[in-house]
Structures are given as structure tokens and as C-alpha cells.
Number of protein chains: 2
Amino acid sequence: MNSKTHIVILGLLSEEPLSGYDIKKLIDIRFRFFWSESYGQIYPTLKKMVNEGLVKALSQTKDNRGKQRYEITSLGRKTLTLWQAQEPEKESLRLELFLKMYFSLGSNPHILINYIKSFQSSHTQDLMILNSFKKELSSIPDPYQNHQNILSVIEFGVKTNTAYLQWCQETLSQLEGSHESR
Amino acid sequence: MNSKTHIVILGLLSEEPLSGYDIKKLIDIRFRFFWSESYGQIYPTLKKMVNEGLVKALSQTKDNRGKQRYEITSLGRKTLTLWQAQEPEKESLRLELFLKMYFSLGSNPHILINYIKSFQSSHTQDLMILNSFKKELSSIPDPYQNHQNILSVIEFGVKTNTAYLQWCQETLSQLEGSHESR
DNA sequence: GGGACCATGTAAATAGTTACATGATTAA
DNA sequence: TTAATCATGTAACTATTTACATGGTCCC
């Protein structure tokens, strides 16, 4: 009954009321380097959570158009606290690129090079997003005194993405070097 | 009809016939830092793949006990080649630790420290496994000339795990430093 | 004889993606 | 006016985990 989707939603709502759409956007930006959710998960989960008493739908105001916002209940906060005390589950990663690379028996190295290049540009962008989030964070007040923890999370993203890009550079120059053909 | 589980299995079988159990072990060791599968995926998938003509069950010999091994068919190889030519899907990661960290409003920092320590020891182990796989690889022949690619994959694991451990050290000393209480 | 690990599997529940549908609003 | 983005949702499918069950073998 507490799927991880429940938890991310509760966590985000613990700071301020949000709509399903807002929640998706926040996950895509702030958590992009270690988490993801789809609309198909978020909207049905929000409805379930209303029934379970974890969140409450706010009444609509004129200024927020069709937007349905939700706020966390005290039961929701309790649930979040209980989750905090439990050992995190073993992380799960799925990077298909490395499957392609591992199994690329004699396939054209140019194909692989292109895959790596798009991996590279996608993580270059991640790094940019992380840096702007970092800057944004330092310009706003820290009422919950959680900025230090958030900065640590960002720092994790910076370090891993930097490692990714380092690997891309090395691997690309190796593949391209070993393949200066014609 | 080609789930990623199909693909990992085909990839592994493209080098040699294996049983479901073998496949699981190989994924757990070689791919642990970027992929995972459970028995509940592997066994039913193998059966499906027999029906689809992608793999063939080998007859049992006396020396391999109850072990049912499978070999890849030519259709299986064709499928693998087709997959190679398709752009890899966006990777998916789920690291619950960072959710805990991001949402740890005023919860006991010792809890967080423990989570990070177990993350640290798990990735210290990953790094050891990677290094021994690397050593093993250099001591065996390279009939398919794919060792360079495999080494690149290993190098990715080394780099990311090293980044993880670097982050653990920094974050732990920060958390412990800011918390020399009593 | 017992514990660790080899070995295969199934059922039930849960999780998650994808494609589709709909309509409003904003900015060029 | 038209494209982008805001905003919510559902249905069908696919994927995945987990718990359970069973029995063999190897080594101490």
C-alpha cells in the first residue's frame, strides 16, 4: 500500500499543495537523474491517495484554471515519517546502452558511436539542469533547513553525470581513434 | 514482443548455451551496475522464447544434473541484430536513497548516515566485483573480439561507482562533521 | 544430518508504460 | 490561426516482484 509513487507524491506535497501536472514536472526536473514517474502512474495514484486519506483535494480557485491541487493530510505526513525510518531498497538501474555495447558483436562501430553521442548530449543537458537548480536553490530562503540535504542530492547528480561525460569522451576517442578508416 | 528481458537472454546465449539459473547469475555479476532481472522474469520468458523460436532447449546430459540449457536459434540471432540497430531507450534509474535524503525534513541525521554507509559498502563491493571481472577478462582469449567493448562497459561501472564512493565520503564527513553533538 | 547453494518453476499482486482522448490557454 | 504547452484522465497492455513450493547436490 505504499508504493514508491505514493511516497514521491507525499514528499513533494509535504512542502506545498500541487496538482498532478506540477508533480510530474517537478519529478522530471529535480529528480530526473535518479527517479521518474509517468502521468499514467501519478493521476490514478492521487485518486487512490484521496480514498486512503493521505491527501485532500483542494477546492478550485478562479486563478488556477482547470488545475486540481492536492494537499497532504496528517496521515500523509505520518506515512512519510514511517517510510523515512525504513532502510531504502536496493536501487534499480536499467541502461540499455550498455547492453548494446556489451552485445555488439561485430556490428558497425558508427552505430555505437551515435548512441554514445546521444547519451552524452542528454547528460550534458542533465548537468546544465542540475547547475541551474543549484543556483536557484541558493537564491531562495531555506525555511525547512533542508537545503543542505538537497544540495547533497544535487551533488550526487553532478558527480555521476560528470563521470558519465568523462566516460563518453574517453570511449568516443577510443572508438573513433581505432576507426579512422578509408 | 521483444521485451528487454528477451534481449538480455538472447545476448547472453549468443556466446554459449546457458540455463535460466546461469543467466540469472551472469546478470547479477556482470551487469549488476546497470541491469537486473528476477527468476520470475527469466524462467517464464525462456518458455515464451522457445514458442517464438528464438531459443531451443538442449537435451539433458548426465553431467549437468537437473540443469536445462538453451541455445540461441538463427531467428534469435536475427532478432538480436535488429535490436542492435535501434536507438537505446532512455535509461531508467530509481535510487530510493536520494528520495529519503531529499525528503528528510528534520529527521534524525544518524538514520541518513546509516543509509549512506550501507550504500557505500554495497558499491565498494561492486567495485571489487568489477575489478575482478576485468582481471578475469584479460586472462582469457578474445575469440569474438568484443573484449574492448566489454572493457568499456566495465570502465563505465568503475567510473560511476568511484563517483558514488567519492560522494559518500564527502557527504558522510559533512553530515558527521555538522553533527559532533553532546 | 544439516546448511548452503544448485535449480526450476508458478500464482498473485503490483507497478508501469503507452496510446488515446479531450479541451483550455498562451504566445508567435 | 496555429503550434506549444497546460491539464487531466482512462484502457489495455506489458513488465516485474514477491512469496511460495519443491527437490537435488555438495561438503563439513
Side-chain angles (χ1 to χ4, degrees), chain A residues 1-9 12 17-29 31 34-52 55 57-70 83 86-94 96 99, chain B residues 1-10 12 17-29 31 35-52 55 57-70 83 86-94 96 99:
Chain A
M1 237 24 35
N2 344 8
S3 70
K4 296 299 138 59
T5 306
H6 278 66
I7 293 298
V8 204
I9 292 176
L12 288 171
L18 297 165
S19 69
Y21 194 79
D22 295 336
I23 289 168
K24 168 72 171 154
K25 291 294 130 191
L26 282 173
I27 294 171
D28 284 352
I29 292 175
F31 301 163
F34 70 88
W35 205 266
S36 63
E37 295 289 346
S38 66
Y39 286 122
Q41 280 287 98
I42 291 170
Y43 286 114
T45 302
L46 277 168
K47 295 213 154 170
K48 264 181 245 159
M49 291 171 80
V50 171
N51 292 327
E52 295 164 357
V55 302
L58 291 178
S59 55
Q60 262 139 308
T61 57
K62 337 88 213 145
D63 56 310
N64 60 6
R65 299 181 296 177
K67 194 182 264 198
Q68 176 57 67
R69 296 196 306 152
Y70 297 84
W83 163 79
Q86 289 167 251
E87 187 81 16
E89 280 171 24
K90 175 73 190 149
E91 65 265 18
S92 88
L93 318 193
R94 292 197 144 194
E96 199 184 358
L99 241 32
Chain B
M1 246 5 55
N2 353 12
S3 70
K4 297 300 137 62
T5 306
H6 278 64
I7 293 297
V8 206
I9 292 176
L10 287 175
L12 288 172
L18 296 166
S19 69
Y21 193 80
D22 295 337
I23 290 169
K24 168 71 171 153
K25 292 295 126 183
L26 282 173
I27 294 171
D28 284 352
I29 291 175
F31 300 163
W35 205 267
S36 62
E37 295 289 346
S38 65
Y39 286 122
Q41 282 287 98
I42 291 169
Y43 286 113
T45 302
L46 277 168
K47 295 212 155 173
K48 264 181 245 159
M49 290 171 79
V50 171
N51 291 328
E52 294 163 356
V55 302
L58 292 177
S59 55
Q60 263 139 306
T61 56
K62 338 85 216 149
D63 56 311
N64 60 7
R65 297 181 296 178
K67 195 182 264 200
Q68 176 56 69
R69 295 195 308 151
Y70 297 85
W83 163 79
Q86 289 166 252
E87 187 82 17
E89 282 172 23
K90 175 74 189 147
E91 66 264 21
S92 88
L93 318 192
R94 291 198 146 194
E96 198 184 359
L99 241 33

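Throughout, a chain's letter reflects where its sequence line sits, starting with A, and its residues are numbered from 1.
Between A/Trp35 atom CH2 and C/dA15 atom P the separation is 11 Å, expressed in whole Å. One interatomic measurement links the two molecules: NZ of A/Lys25 to P of D/dA4, which rounds to 15 Å at whole-angstrom precision. Rounded to whole Å, atom P of D/dC6 lies 12 Å from atom CG of A/Leu26. We find that CG of A/Leu46 is positioned 16 Å from C1' of C/dG16, with the value rounded to whole Å. In this structure, A/Tyr43 places its OH atom 16 Å from C1' of C/dT17, rounding to the nearest Å. For the pair B/Lys90 NZ and C/dG16 P, the interatomic distance rounds to 17 Å; values are reported in whole Å. Rounded to an integer number of Å, the gap from A/Ile27 CD1 to C/dT17 P is 11 Å. Rounding to whole angstrom units, CD1 of residue B/Ile9 and P of D/dA15 are separated by 12 Å.
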> How far apart are the C-alpha atoms of A/Ile9 and A/Tyr70, what are their side-chain angles, what is the distance that settles it, and do they pass the side-chain contact (heavy atoms from CB on, under 4.5 Å) test?
Replying inline: CA-CA 10 Å; A/Ile9 292 176; A/Tyr70 297 84; over 6 Å; no
Distance-only criterion, 3.5 Å: show the donor-acceptor pairs between side-chain atoms of residues 21-28 of chain A and protein atoms not counting sequence neighbours.
residue : atom : partner : partner atom : Å
A/Asp22 : OD1  : A/Ser19 : OG           : 3.4
A/Asp22 : OD1  : A/Lys67 : NZ           : 3.0
A/Asp22 : OD2  : A/Ser19 : N            : 3.0
A/Asp22 : OD2  : A/Ser19 : OG           : 3.1
A/Lys24 : NZ   : A/Asp28 : OD1          : 3.3
A/Lys24 : NZ   : A/Asp28 : OD2          : 3.4
A/Lys24 : NZ   : A/Glu37 : O            : 2.9

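Here the CD-NZ distance, from A/Gln41 to A/Lys4, works out to 12.5 Å after rounding to the nearest 0.5 Å. Here the CG atom belonging to B/Leu10 is positioned 11.0 Å from the OG1 atom belonging to B/Thr5, to the nearest 0.5 angstrom.
Applying the salt bridge (Lys or Arg N to Asp or Glu O under 4.0 Å) rule to B/Lys90 yields no partners; only residues at least two apart in sequence or on another chain are considered. With sequence neighbours excluded, the residues that form a ring pair (Phe, Tyr, Trp, His ring centres under 6.0 Å) with B/Phe31 are A/Tyr102, A/Phe103, B/Phe34.
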Set out, line by line, the N/O atom pairs under 3.5 Å between protein and nucleotides 16-23 of chain D.
residue : atom : partner : partner atom : Å
D/dT16  : OP1  : A/Arg94 : NH1          : 2.5
D/dT16  : OP2  : A/Arg94 : NH1          : 3.2
D/dT16  : OP2  : B/Gln41 : NE2          : 3.2
D/dT17  : OP2  : B/Ser38 : OG           : 3.3

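Between the side chain of A/Glu96 and the main chain of B/Pro88, no donor-acceptor pair closer than 3.5 Å is present.
For B/Pro44 against B/Tyr39, the heavy-atom pair with the smallest separation is CD-O, 3.8 Å. The shortest heavy-atom contact between A/Leu58 and A/Pro17 is CD1-CB, 3.6 Å. The shortest heavy-atom contact between B/Val55 and B/Leu46 is CG2-O, 4.0 Å.
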> Taking only Watson-Crick and G-U wobble pairs with both distances under 3.5 Å, what dot-bracket line describes DNA chain D, where [ ] shows pairs that cross earlier ones and | shows pairs with another strand?
Replying inline: ||||||||||||||||||||||||||||
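With contacts defined as side-chain heavy-atom distances shorter than 4.5 Å, the pair B/Thr45/B/His6 qualifies.
Listed by residue number, the members of residues 17-24 of chain A with any heavy atom below 4.0 angstrom from DNA chain D are A/Ser19, A/Gly20, A/Tyr21.
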